[in-house]
Protein chains: 2
Amino acid sequence: MKYSSQTRLLVAVDCVIFGFDGTDYKLLLIQRGFAPEKEKWSLMGGFIQPNESADEAASRILEQLTGLTEVYMEQIQAFSTPERDPIERVIALPYVALIDIEKYKTQINDDFHARWYNIKSLPNMIFDHKEMVELALNKLRYKAAFHPILFELLPEKFTLPQLQAMYEGLYDTKIDKRNFTRKVLSTNLLKKENEKDKSSSKKGAFYYSLDEEHYKENFTNIHNFIPRNEIPVGNE
Amino acid sequence: MKYSSQTRLLVAVDCVIFGFDGTDYKLLLIQRGFAPEKEKWSLMGGFIQPNESADEAASRILEQLTGLTEVYMEQIQAFSTPERDPIERVIALPYVALIDIEKYKTQINDDFHARWYNIKSLPNMIFDHKEMVELALNKLRYKAAFHPILFELLPEKFTLPQLQAMYEGLYDTKIDKRNFTRKVLSTNLLKKENEKDKSSSKKGAFYYSLDEEHYKENFTNIHNFIPRNEIPVGNE
DNA sequence: TGGTATAGTGTAAAAAATACAGTTAATAAT
DNA sequence: ATTATTAACTGTATTTTTTACACTATACCA
C-alpha cells in the first residue's frame with residue numbers, strides 16, 4: 001500500500017558550517033564538482049537516503065567533510081520553491097553547524113576542495129545558498145543573544161577575552177568588558193581553571209571551561225549575553 | 001538532466017492550527033478519512049504538489065479546511081524519521097497557524113469532520129502529530145513572550161482583558177493586570193478606540209485595535225510581554 | 001439607591017542593565 | 001635591577017526595567 005498518485009521529490013540537507021578563528025567568523029564552502037554551476041561555491045549538502053532522517057543525513061554530511069561528529073547542529077527553515085535547483089526540483093533542509101575551527105584542521109577531507117570564507121566577504125554561491133547563509137546567521141545572532149550556543153565553538157579551555165571576541169565578532173560590535181564578564185559569570189555556566197593562557201598577553205588570561213552539569217541543565221534558560229540594542233531584529 | 005540515481009520522497013505539510021475562544025486554546029483536528037488509522041484524529045495535511053512551495057501548500061491546505069487566507073503561519077522543524085508513516089516514507093513539514101476562532105466559524109468546511117479540541121485534553125492522534133503539536137506549542141510560548149504574534153488571534157477590535165486572557169491561557173498562569181497593561185501599551189502597538197465592549201462587564205472595557213504601521217515596523221522587535229519566570233525553557 | 005462585578009489606575013522596592021577608568025600582572029627592553 | 005609595555009582584571013554609581021501590591025471608577029441591575 002502506497003500513496004500511489006502523489007509526486008515524490010528529492011530532499012536534500014545543506015550544511016551551513018560556521019567556524020571562528022579568534023577574530024572572524026568563517027563559513028566552510030566547497031567547490032561543486034558537477035554541472036550546473038560546476039566549480040562555483042556551494043554549501044556541503046547531500047540527498048536524504050532511504051534509511052536516514054534529516055538529522056542523520058546532516059551529521060553524515062558534516063562528518064564526510066570535516067571528520068567531526070557530535071557537533072552542535074540545528075535545522076533551519078526548509079527551502080522549497082519549485083525552481084530553486086535548475087536540474088530538478090529539490091526540497092532543501094538547511095542545517096547550521098558550529099565547529100571549533102582548530103579541531104577541523106586536523107581532520108579535513110580534501111576531496112571536496114573546501115575553503116573557509118570570512119562571512120564578511122562571501123563568494124557567489126549556487127542556487128539559494130546565500131539566502132540560507134543569511135538565514136542561518138540571523139538565527140544564530142538571535143539565538144546566541146539568549147542562549148549559550150557560541151560556547152560550542154570553543155576549545156575545551158578558553159579565556160574570557162576569547163569568549164568576548166566571539167560575541168563581538170558575531171554582532172560586529174564592541175562590548176564592555178566588565179559588563180560582559182559579569183553577565184557571563186552570573187550564568188554559572190563556567191568553571192575557572194588555575195591555568196593561564198599566555199599566548200595573547202604578557203599577563204596571561206585565566207582559562208575557563210564549561211561546567212558541564214550546569215551547561216546542560218541551563219542550556220535552554222534565557223540569558224542575556226549581549227546588550228539589547230545589538231540584538232538584530234529577528235523573528236526566531 | 002536529472003539527479004537520476006537518487007531516491008525521491010513524499011513531502012507533506014501538516015497544519016497545527018490554533019484558535020482561542022476567550023478562555024482556552026483550541027486545536028483544529030480532522031478525522032482521517034482513509035487507512036491506516038482511519039477515523040483517528042489528525043492534523044490537516046497534504047502533499048506538496050509539483051508546482052507549489054511548502055508555504056503555498058500550507059496556505060492551500062489551511063484554506064481548504066477553514067476558508068481562511070492571509071493567516072499567520074510559520075514553518076516549524078521538519079519531521080523526517082523514515083518510519084513515521086507506516087504506509088510509506090513521508091517527510092513532514094509542520095506549520096503553526098493562528099486563527100481568529102470567530103472568523104473560522106463562518107467558513108468551516110464540513111467535508112473533513114473537523115473539530116476543535118482544547119489543548120489541555122487532546123485526543124490520541126495519528127503518527128507523530130502529537131509531537132508536532134507539542135513542538136508548535138513550545139515554539140509559540142517562546143515566541144509569544146517576545147513578539148506580538150498572539151495579536152493575530154484577535155478580532156479587529158479587542159479589549160485589554162481579552163488580550164491578557166490570551167496570554168494567561170497560553171502560559172496557564174495569572175498575570176498582574178497593571179503590569180501587563182503597562183508593558184503592552186508601552187510597545188506602542190495599540191490604538192485605543194472610543195467604543196467599549198460591554199459583553200463581559202457592566203462597566204465595559206475599552207476597545208483597542210492594532211496600530212498597523214507600528215505593528216509591522218515593530219513586529220520583529222523584542223518585547224517582553226510576560227514575566228520572565230513564566231517563559232518556558234525553550235530553544236527557539 | 002445601593003449592590004455588584006469587572007475595568008482601570010499608581011507607587012515604592014528590587015533587580016537588571018548600563019556607563020565608565022584605574023590597577024594588576026607578567027614579560028620585554030634598557 | 002629598573003622601567004616600559006600590553007592586555008587582564010576589577011567596582012561603583014546611575015538608569016532602566018521589572019516586580020509586587022490594592023484601591024477607585026463605571027455602568028448596569030435589583
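Computation of the quantities below employed the complete heavy-atom set of this structure, encompassing side-chain atoms and omitting hydrogens, waters and symmetry-equivalent molecules. Bear in mind that the values here come from a model prediction, so they are computed numbers and not experimental data. In what follows, chains are A, B, ... by sequence order, proteins preceding strands, each numbered from 1.
- Contacts of T159(A) with the nucleic acid, taken as non-hydrogen atoms under 4.0 Å apart, are absent.
- For K196(B), the listed nucleotide lying nearest its side chain is dA27(D); candidates were dA27(D), dT19(D), dT9(C).
- Residue K198(B) has no polar side-chain atom (N or O) positioned under 4.0 Å from OP1 or OP2 of dA7(C).
- The side chain of S201(A) has dA7(D) as its nearest neighbour among dA25(D), dA7(D), dA25(C).
- In terms of polar N and O atoms assigned as donor or acceptor, the side chain of R182(B) comes within less than 3.5 Å of the base of dT11(C) in a complementary pairing.
- Nearest nucleotide to the K177(A) side chain, out of dA19(C), dT5(D), dT10(D): dT10(D).
- Both G204(A) and G204(B) lie near DNA chain C, and the one whose nearest nucleotide falls closer to the 5' end is G204(B).
- In this structure, K183(B) places its NZ atom 19 Å from P of dG8(C), rounding to the nearest Å.
- Atom CG of L163(B) is separated from atom P of dA7(C) by 13 Å (rounded to the nearest Å).
- Taking 4.0 Å as the cut-off between side-chain N and carboxylate O, K120(B) and D172(B) count as a salt-bridged pair.
- Between the CG atom of D197(B) and the P atom of dT26(D) there is a distance of 18 Å, given to the nearest Å.
- Ranking dA27(D), dT19(D), dA25(C) by closeness to the K203(A) side chain, first place goes to dA25(C).
- With distances taken from any side-chain atom of A205(A) to the nucleotides dG8(C), dC9(D), dT19(D), the minimum falls on dC9(D).
- Look at K143(A) and E74(A) and you find a salt bridge, because one of the NZ, NE, NH1 or NH2 atoms lies within 4.0 Å of a carboxylate O, short of that distance.
- Residue T181(A) places no side-chain N or O under 4.0 Å from the OP1 or OP2 atom of dA8(D).
- Minimum atom distance to the side chain of F206(B) is reached by dG8(C), of the listed dG8(C), dA25(C), dT10(D).
- Note on ring orientation: taking the six-membered ring where Trp is involved, the planes of F20(A) and Y25(A) are tilted (angle from 30° to 60°).
- Here D128(A) pairs with R84(A) in a salt bridge; the nearest charged N to carboxylate O distance falls below 4.0 Å.
- The CD atom of E195(A) sits 14 Å away from the P atom of dA26(C) (whole-angstrom rounding).
- In this entry the distance linking NZ of K174(A) with C1' of dT18(C) reads 18 Å, nearest Å.
- As judged by a 4.0 angstrom heavy-atom cut-off over every strand, D176(A) is placed among the base-contacting residues.
- Taking for each of R228(B) and K192(B) the nucleotide of DNA chain C with the nearest heavy atom, the 5'-most of the two is the partner of K192(B).
- In this structure, CD of E230(A) is placed 14 Å from C1' of dA17(C), rounded to the nearest angstrom.
- Between the P atom of dG11(D) and the CG atom of L185(A) lies a distance of 12 Å, rounded to the nearest Å.
- Listed nucleotides dT19(D), dT9(C), dA8(D) differ in distance to N179(B); the shortest reach to its side chain belongs to dT19(D).
- The aromatic rings of F219(B) and Y72(B) sit tilted relative to each other, their planes meeting at an angle between 30° and 60°.
- A donor-acceptor contact under 3.5 Å is not formed by the side chain of K202(A) with the base of dT6(D).
- As a whole-Å value, the separation of R178(B) CZ from dA22(D) P is 8 Å.
- Put simply, the side chain of E195(B) reaches to within 4.5 Å of the side chain of K157(B), judged on heavy atoms.
- Of the candidate nucleotides dA17(C), dA26(C), dA7(C), dA17(C) has the atom nearest to the side chain of N224(A).
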